[in-house]
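One structure is given here, and the rest of the page talks about it.
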Amino acid sequence: MPGVPSACSADSGAEVGGEIAAEKEQSFEALESILRQHQRSPASLIEVLNLAQETYRYLSDDLLRHVARNLELPFSQVFGTASFYHLFCFKAPARHSCTVCTGTACSVIGADRLVEALEQELGIRLGRSKADGSIGLGSVRCLGTCGAAPLVVIDGLVAKQQTVASVLEAVRSLRL
Amino acid sequence: MTPPAPLCLRCCTSAGCLASGAAELREALQRTVSRLELADRVEIRGVGCLGPCSQGALLAVDPDGVIFAGVRAEDAAGLIAALVHRSVLEATDGQWRPLAWTPATGERLDTRRPFFAHQRRVVLENCGLIDPERIEAAIERGAYDQLRRAVQDLSPVQVVETIRCSGLRGRGGAGYPTGLKWATVAKMPGDHKVVVCNADEGDPGAFMDRSVLEGDPHRVLEGMAIAAFAVGASRGFLYIRAEYTLAISNLRRAIEQANRHRLLGQSLFDSGFDFSVELRVGAGAYVCGEETALIHSIEGKRGTPRPRPPYPAEQGVGGLPTLINNVETFANVVPILREGADWYAAIGTTSSKGTKVFSLTGHVRWGGLLEVPMGTSLSMIVEEMGGGAPEGFTIKAVQTGGPSGGCVPASELDTAVDYASLQALGTIMGSGGMVVMDHTTDMVGIAAFFMEFCRDESCGKCVPCRAGTVQLHGLLQKHLAGDATAEDLAQLEALCHMVKDTSLCGLGQSAPKPVLSTLRFFRDEYVARLKPVAAPSTGVAP
Amino acid sequence: MSVSTLMIDGHEVAMAAGATLLAAAREVGITIPTLCHLEGLSPVAACRLCLVEIEGSGKLEPACITPVLEGMVVRTDTSRLQDYRRTVIELLFTEGNHVCAVCVANGHCELQDRAVDVGMDHSRLPYRYPDRPVDLSHHLFGLDHNRCILCTRCVRVCDEVEGAHVWDVGWRGEHCRIISGLNQPWGEVDSCTNCGKCVQVCPTGALFHKGDTAEEKHDDSSQLVALVRARQARQVAP
Amino acid sequence: MNCNLASSTAGKLRLATVWLAGCSGCHMSFLDLDEWLIDLADRVDMVFSPVASDIKDYPQDVDLCLVEGGVANSDNLELILQVRERTRTLVSFGDCAITANVPGLRNRLEGAEPVLRRGYLELADGNGVVPHAPGIVPELLPRVLPLHEVVPVDLYLPGCPPSAARIRAFLEPLLRGELPAMEGAAMIRFG
């Protein structure tokens, strides 16, 4: 199954300053075709941001400025729109991602026990990444495969009917 | 002797079964068939959802029509061997024999079981039969014939009239009469109108739209095209949530194929009627299921709703008159045109016509996708078809309508599933998510779960929803911690009504519903936790 | 131009079609409380303070944006509306850090005035005490997010009147915050023309002139209304 | 809210004022009543007040108590529970009691420990130490709480401080056994 998008665990209130690793002047040419395809219309902003995150893994300041200039949109509108949506993130995601589905069906069958176990195991809160950038613990509301509840997605691969034991084993096997 | 009918192994490759290893199973079957050079006699076909997802991975064998559950890649060799052995026996004595085989760790499903027997597959008629990756498979089942008929033989008014007479109502949750909505957009002046398919399906625990889009994408595209012809629109958007990656890739391919076959695009069937569909992928925002928020998202903006009027029918995408309907609503259009409005109106109840697709999940033995006529009772769905709660557990309540719905207690399970009856119980039909809860479920906990969901998903524009959901969630946590007094309970109820009455859009207006519903049917669970008033609260404010 | 006649709290009033209920009420001397509304800016109906009851409709409608209709019967001051308005003000007070005593707008704040109107002598809801920043990077003005009620007047005036669109809303739900540029400090945003219109229209002590201290914010938006009317007149005149 | 203020023991109305997590500004404003205090003294018995009496323990059967300041530490908490028990009509006196106001600015630091660390260690000149003297220095509560989030409160008198005129307009009806009309900017404007 194509990789499941997991909300990279950037904090929702994260301050974005210039302190991201030195961003070499990128030309973001991978965005050129989609920008042309949509005739650089402001309405294509989210389509462009979706492709941008897929290609460059996260939305850096330079990338957002490049998109804003090409669509002739104010910086504040571009950032305001990007920060509205759960799946866009502004910091490099961790090397591994572990996303617990916290939808209704999964929660009713025990997703919160999985979250508690993972928070303890990784020593981070849900929605955060480990300081060393090895793994991010995220959540998603529902992937629509409730027959597989409770469900955890590790590095894009869906694991069904998870238990505390199976989840910890899967995370430990990543050898962070 | 005529050559035996070619065997077809229909392998469910929808997202649900893929999580159970369906892709590996399909490859193993293909490898075995090609190794034994049986490709001309045994077809391995990837199909959409076969129904009982909780029993995945699922495999159907034609022409036997039997379905196997819990099939794994390791079973592939055994299955092919059993098929070959049977055909050898049939070749010698010409006697038909049932297939003598069951998967190592799975089972053979008796398709006479209630889960299958009580279904009425109208929207899902092709789902699970055709290969969604090949447009030819859909065309063989009549795809785009109704569009051709509409464009060539009918007038837009006739199409709207047919939909109106069928009694079809919106499947997104509100149940607004579809014919009336189409007629409103059709009356709008101007020749640039837009048709939008709402595939945001943000309700957690709901996957009806995903299954239809993965299993039979052309059914929805054709429905959109017919609607566009009826209201005079030439441009279409299908807005789908980013989490449905398989549905997105199936749809992209389907749109490409339809364009190539000139079933979408310019001058369809050389009639001068143009209709192109653009796929728009969301990025994680439940509120974008609300019409005006969805429009803003299509326009590349923050998904915040706006006051109405003006309604989308008057001013929608880019200010143009816009028709917005749910995936399942569009999926009903083709059968209505093909079989006629009266045929459709004969299904369901007086006020809720046709069928409804549900995703049954939670503490139930047989969870999955099922389509039943409107008016079927909840107990039929949950206890008969779903097999009730697992061994040793009893059903306590069923949650319908997701975060904007409510709970139906076990005592009311004989309620018929239609818009009016569910509304009378203080919940809504919603998009079709149905989560079964057994007696281990804490109803105050469920109310807190849904309020936290609405708190996270509020767009933040209007005060009652942005700040109200935070306070309501705080009050619910205070109840869960056993810190709440009777005064807190009264404030919880009063604030629920305030947020419901004053919020700008459906999210805020419905956020209190799960609380009010659990208060109505499970008030004792709130009262049992209250603290006697004498003891002062020294707890920290939430 | 067609005219609609309607009843507001028992008073009969005739208004040009398309006029808002807010304007109609003002016509008969009835003031409906507002916060996010400001004449000269596009209405957003976000604070929900101006909701009124309309006979025959189960829903409450915002007066700032709902057009008058012939034969409407409107109630603007029922006990339910009074309680809901007080709850809106309490939600705003408890959502931010509105410490009036040490605020630059103390005594000149529209939120404070509305609190008096709705009779809030205390909040029935618990205070949240959020942790919010203060941006003093601009050489003339400051932005204190603790006092911000997200009415978005600043966003609208900067976009619709000045045209610089320095401001917008970032994030979502309770995490919403007014952002400048690419979520940069205000002083680094080079599209800002330093015109101060945002400070002028801010109803609370969120946006202020550097140098002002407690009780010294004296901004009123009449200048803006005059400016917008002048521009509209210019666009209409040949 | 019980407001039959006719003093239970036939004598004058038993009035008290208490001072929790506040700056005493409200009490100073109370003293700004100047000569009206003399008139007030005739009509009430000042049974407990940091500014008007030396009594150390809060008495029983108090008719009316003006409480300034929120609940910031264990002493405040202990005292307010006692006051509530022994008082008929409790008044949240001033913005600190009603909203925690300026003392409440520490509430954003989530808990007492970061406040003590910031105040006594990080800002100290190198050899600061967090005070720890049980029984002498009261423990800080995690947050400074408005009065009505701790005990039921009968009346609210906003202001920082409420002016002497507002205090007088508030007390006079109560002395006559009536409820003050708490409306309009003059009586309920914060700040």
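Here the structure is a predicted model, which means the values were calculated and not measured. In what follows, chains are A, B, ... by sequence order, proteins preceding strands, each numbered from 1. Values below: every heavy atom of this structure, side chains too, minus hydrogens, waters and symmetry copies.
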Can you confirm whether [X] is buried at [atom1], in the sense that more than 12 heavy atoms of other residues, nucleotides or ligands lie under 6.0 Å from that atom?
X         : atom1 : result
Gln223(C) : CD    : no
Gln120(A) : CD    : no
Arg80(C)  : CZ    : yes

Taking all non-hydrogen atoms of both residues into account, name the closest pair between [X] and [Y] and its distance.
X         : Y         : result
Arg172(C) : His86(A)  : NH1-N, 4.0 Å
Gly170(C) : Ser83(A)  : CA-OG, 3.5 Å
Asp168(C) : Gln77(A)  : OD2-CA, 3.4 Å
Ser76(A)  : Ile179(C) : O-CD1, 3.7 Å

Handout entry: Approximate separation, where rounding is to 0.5 Å, of Gln184(C) CD and Asp61(A) CG
Key =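 It comes to 7.0 Å.
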
Exercise for the section: Would you give the length of the straight line joining atom CZ of Phe75(A) to atom OG of Ser191(C), rounded to the nearest 0.5 angstrom? Expected result: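 The distance works out to 8.0 Å.
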
Problem - Interchain contact, Val155(C) with chain A, by part (heavy-atom threshold 4.5 Å) - result: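 Val155(C) has no heavy atom closer than 4.5 Å to chain A.
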
Practice task
From the options Phe84(A), Phe79(A), Phe90(A), Phe88(A), select the one residue that forms a ring pair (Phe, Tyr, Trp, His ring centres under 6.0 Å) with Trp171(C).
Solution key: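 So, applying the ring pair (Phe, Tyr, Trp, His ring centres under 6.0 Å) to Trp171(C) and each of Phe84(A), Phe79(A), Phe90(A), Phe88(A), only Phe79(A) qualifies.
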
